[in-house]
> 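Let me give you the structure first, and then I'll get to my questions.
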Amino acid sequence: MQFLTQKTLERRTFLKGLSATIALPYLDAMDPAGRFLAGAGRPSAAGHTRLVCIESVHGAAGSNTWGASRHLWAPEGVGRQFAFNADSALSPLANWRNHLTIVSNTDVRMAEAFDAPEIGGDHFRSSAVFLTQSHPKQTQGSDLFVGTSFDQIVARKIGQDTPIPSMQLCIENLDQAGGCTYNYSCAYTDTISWASPNEPLPMIRNPRAAFDLLFGAGANNADRSARRKDNGSILDWVVGEMSTLKRQLGPTDRRRVDQYLENVRELERRIQKVEAKNQSGDERLLPEAPVGVPDSFEEHMKLMFDIQVLAFQSDMTRVFSFKTGRDASSRTFPESGTNKGFHPASHHGGREAAILEFNLINKYHVSMLPYFLERLKATKDGEGSLLDNTLIMYGSPMADGNVHNHRRCPLILLGGANGMIPGGTHLKAPDGTPMADVFLSLLHQFGVDAPSFGDSVAPFALYTNA
């Protein structure tokens with residue numbers, strides 16, 4: 001740990017112990033000495049815009065013609081004059097209205113079949129299209145080709161001065177060798193992040209793996225295994241550094257560090273609890289999953305959200321992509337109000353009761369987001385909160401899962417995003433608008449000088465006078 005003159009901490013200060021490295025959150029002590037006396041205000045190290053891109057597969061019941069007429073996804077009103085009905089899949093976000101921008105009626109045509117051999121392969125190319133808005137090359141070989149993804153373009157702009165330029169997380173299983181058909185490589189379904197048109201980035205399903213990556217918990221697998229057997233905390237490895245640091249901090253910073261480290265410890269406790277349960281010999285709902293993966297979808301989502309909050313708070317990374325499902329998955333979500341498998345539920349056959357049943361699952365998935373928003377809001381960042389400085393994009397490259405179409409796909413934007421998005425607004429795009437237009441506009445907001453993105457036509461107007 002290195003200190004500047006006049007007891008000023010470097011912005012990137014770490015607690016280091018044996019095979020453990022914990023980055024600290026932004027502290028008042030990281031302000032250059034005398035800066036406030038000089039009237040310069042808070043430095044720009046805090047308050048950077050963060051990005052989270054969340055994919056929800058299979059579209060939404062509200063993208064079906066009947067579902068749209070019932071406003072199961074997009075509300076009836078536009079501009080700031082909109083309201084959610086009781087059946088709306090977005091109703092769990094009602095209390096976060098001011099942080100919600102709904103962008104409806106955009107298309108993801110690059111996920112459609114271009115040639116006859118591609119017909120029927122929507123499940124096996126859609127995820128690759130979500131953040132690239134580009135059409136994947138049909139292949140089972142190594143000659144993959146789609147496009148560089150939105151999150152990676154942003155990471156090149158805002159993530160190069162962080163220890164980890166971006167992180168990729170997922171909830172469901174990966175690497176289904178032989179399980180991807182229509183002549184599409186499983187690489188197209190295993191990730192939503194592409195560093196280049198032929199370079200898919202691996203996603204992390206195991207919360208333990210993500211935790212260890214963030215906090216340098218062990219130099220190798222043997223080291224990490226030994227520490228876990230001790231059932232101790234990573235914080236025990238940096239106790240000496242912690243004591244030295246806290247003696248040089250003011251009371252506000254000490255409280256901030258204590259709360260941050262307690263959040264790290266609590267997250268680690270929860271991961272340890274999951275691992276202990278999964279190693280107990282009891283029957284698992286997800287027997288194929290790594291030992292650190294909870295059987296509970298909700299608990300898994302919360303762990304991944306908390307990992308993102310801590311990563312943002314310590315500025316270890318500013319960009320996440322998060323794949324919350326897998327195409328053609330038949331996982332059940334009993335807490336949603338139906339025991340029907342996700343993929344079978346999406347094939348509702350146009351029956352009204354079945355559409356509403358699929359909508360229950362959509363609504364349940366959206367209900368995971370308020371937890372993340374609350375955690376971001378509760379975490380100080382500069383003069384505001386992480387929520388003020390984060391853009392969350394949640395959407396799907398598919399629209400009506402029953403017919404596998406890609407017109408009028410679900411898309412919402414959340415957070416304050418440092419003013420990039422209006423909030424409290426429903427923006428209904430003109431018919432035929434590519435979703436890529438929205439991405440192009442957001443790239444410009446991040447300072448990326450891009451003339452186009454995917455099949456974009458023109459930047460989408462995120463601010464209107466409505």
Side-chain angles (χ1 to χ4, degrees), residues 11-12 23 26 44-55 108 110 127-137 144-170 187-188 190-204 210 213-214 307-309 311-323 381-382 386 389-395 397 411 413-421 434-456 458-460 462:
R11 169 61 190 99
R12 199 160 302 287
Y26 194 82
S44 60
H48 286 290
T49 305
R50 281 75 163 193
L51 172 67
V52 181
C53 301
I54 305 177
E55 184 205 27
V108 183
M110 291 297 102
S127 286
V129 179
F130 178 49
L131 294 183
T132 66
Q133 296 295 308
S134 299
H135 190 71
K137 177 182 178 180
L144 304 167
F145 196 89
V146 57
T148 303
S149 56
F150 171 81
D151 60 315
Q152 293 306 299
I153 295 173
V154 173
R156 291 173 190 169
K157 185 70 177 181
I158 70 171
Q160 296 310 301
D161 59 345
T162 58
I164 305 172
S166 69
M167 287 183 67
Q168 296 75 235
L169 307 178
C170 68
Y188 289 129
D190 281 347
T191 186
I192 56 176
S193 292
W194 292 74
S196 72
N198 56 8
E199 188 180 357
L201 294 177
M203 311 205 86
I204 300 173
L213 177 62
L214 279 178
I307 284 168
Q308 292 172 70
V309 171
F312 285 161
Q313 188 178 9
S314 58
D315 205 30
M316 285 295 288
T317 190
R318 295 172 191 158
V319 178
F320 274 94
S321 58
F322 188 18
K323 182 173 173 55
D381 187 57
L386 278 177
N389 301 325
T390 299
L391 169 65
I392 303 165
M393 183 170 63
Y394 180 98
L411 180 66
L413 307 174
L414 291 157
N418 273 321
M420 287 185 182
I421 55 177
M435 187 183 286
D437 282 4
V438 182
F439 289 8
L440 179 61
S441 182
L442 292 172
L443 285 176
H444 292 170
Q445 294 275 33
F446 275 105
V448 177
D449 185 16
S452 62
F453 180 75
D455 66 335
S456 65
F460 183 81
L462 291 169

> Under the side chain to side chain contact (heavy atoms under 4.5 Å, CB included) test against Val319, which residue among Val52, Ile153, Leu51 passes?
Leu51
> The test is salt bridge (Lys or Arg N to Asp or Glu O under 4.0 Å); show your working for Arg318 and Asp161 and say whether it passes.
CA-CA 10 Å; Arg318 295 172 191 158; Asp161 59 345; 3.0 Å; yes
> State the CG-SG distance between Leu131 and Cys53, to the nearest 0.5 angstrom.
5.0 Å
> Using only atom types and a distance under 3.5 Å, with no angle test, would you say the side chain of Gln160 pairs donor to acceptor with the backbone of Ala155?
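Such a contact is found between Gln160 side chain and Ala155 backbone.
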> Measuring from atom CE of Met393 to atom CG of Leu414, what distance do you get when rounded to the nearest 0.5 angstrom?
11.5 Å
> How long is the straight-line distance from OG of Ser314 back to CG of Leu214, given to the nearest 0.5 Å?
6.5 Å
> Suppose we screen for salt bridge (Lys or Arg N to Asp or Glu O under 4.0 Å). Which residues come up paired with Lys157, at least two apart in sequence or across chains?
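Lys157 satisfies salt bridge (Lys or Arg N to Asp or Glu O under 4.0 Å) with no other residue.
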> Just checking Tyr188 against Trp194, ring centres under 6.0 Å apart?
yes
> Are the aromatic rings of Phe130 and Phe150 close, with centres under 6.0 Å apart?
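So the answer is no for these two rings.
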> Kindly indicate whether the side chain of Phe446, heavy atoms from C-beta on, has any atom under 4.5 Å from the side chain of Leu391.
yes
> Table please: side-chain donor-acceptor pairs of residues 162-170 below 3.5 Å, with sequence neighbours left out.
unit_1: Thr162; atom_1: OG1; unit_2: Gly159; atom_2: O; d: 2.8
unit_1: Thr162; atom_1: OG1; unit_2: Ile164; atom_2: O; d: 3.1
unit_1: Ser166; atom_1: OG; unit_2: Gln152; atom_2: NE2; d: 3.1
unit_1: Ser166; atom_1: OG; unit_2: Gln168; atom_2: OE1; d: 2.8

> At what distance, to the nearest 0.5 angstrom, does CD of Glu55 lie from OG1 of Thr191?
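Glu55 CD to Thr191 OG1: 9.5 Å, rounded to 0.5 Å.
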> What pair of heavy atoms forms the shortest contact from Val129 to Pro136, and how long is it?
CG2-CD, 3.6 Å
> Would a distance-only check, ignoring hydrogens and angles, find a side-chain to backbone donor-acceptor pair under 3.5 Å from Asp437 to Ala458?
yes
> Report the distance from atom CD of Gln313 to atom CG of Asp315, rounding to the nearest 0.5 Å.
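Interatomic distance, Gln313 CD to Asp315 CG, rounded to 0.5 Å: 11.0 Å.
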> Under the side-chain hydrogen bond (donor to acceptor under 3.5 Å, both in side chains) test against Ser193, which residue among Thr132, Asp151, Thr148 passes?
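Among Thr132, Asp151, Thr148, the one meeting side-chain hydrogen bond (donor to acceptor under 3.5 Å, both in side chains) with Ser193 is Asp151.
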> Identify, with sequence neighbours excluded, every residue that meets side chain to side chain contact (heavy atoms under 4.5 Å, CB included) alongside Gln445.
Met420, Leu462, Tyr463
> Please report the closest heavy-atom contact between Ile421 and Gly415, naming both atoms and the distance.
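Scanning both residues completely, I find the closest heavy atoms to be CD1-O, 3.5 Å.
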> For the residue pair Met316 and Ala23, what are the closest heavy atoms and their distance?
SD-CB, 3.6 Å
> Identify whether the distance between the nearest side-chain nitrogen and carboxylate oxygen of Asp381 and Arg50 falls below 4.0 Å.
yes
> Just list the side-chain donor-acceptor pairs under 3.5 Å for residues 447-456, sequence neighbours left out, or say none.
unit_1: Ser456; atom_1: OG; unit_2: Phe453; atom_2: N; d: 2.9
unit_1: Ser456; atom_1: OG; unit_2: Phe453; atom_2: O; d: 3.1

> Decide yes or no for Met435 and Leu411: does some side-chain heavy atom of the first lie under 4.5 Å from some side-chain heavy atom of the second?
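Yes, at least one pair of side-chain atoms sits under 4.5 Å.
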> Phe320 vs Phe312, test: ring-ring contact (aromatic ring centres under 6.0 Å, His included). Steps then yes/no.
CA-CA 10 Å; Phe320 274 94; Phe312 285 161; 5.4 Å; yes
> Can you name the side chain to side chain donor-acceptor pair (under 3.5 Å) partners of Thr390, sequence neighbours left out?
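Partners of Thr390 by the side chain to side chain donor-acceptor pair (under 3.5 Å) criterion come out as none, since no residue qualifies.
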> Please round to the nearest 0.5 Å and tell me the distance separating atom CD1 of Ile392 and atom CG of Leu413.
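Reported value, rounded in 0.5 Å steps: 10.0 Å.
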> Can you check side chain to side chain donor-acceptor pair (under 3.5 Å) on Asn389 and Thr49, steps first, answer last?
CA-CA 5 Å; Asn389 301 325; Thr49 305; over 6 Å; no
> Can you list, pair by pair, the side-chain donor-acceptor contacts under 3.5 Å of residues 195-203, counting residues two or more places apart and other chains?
unit_1: Ser196; atom_1: OG; unit_2: Asn198; atom_2: OD1; d: 2.9
unit_1: Ser196; atom_1: OG; unit_2: Glu199; atom_2: N; d: 3.4

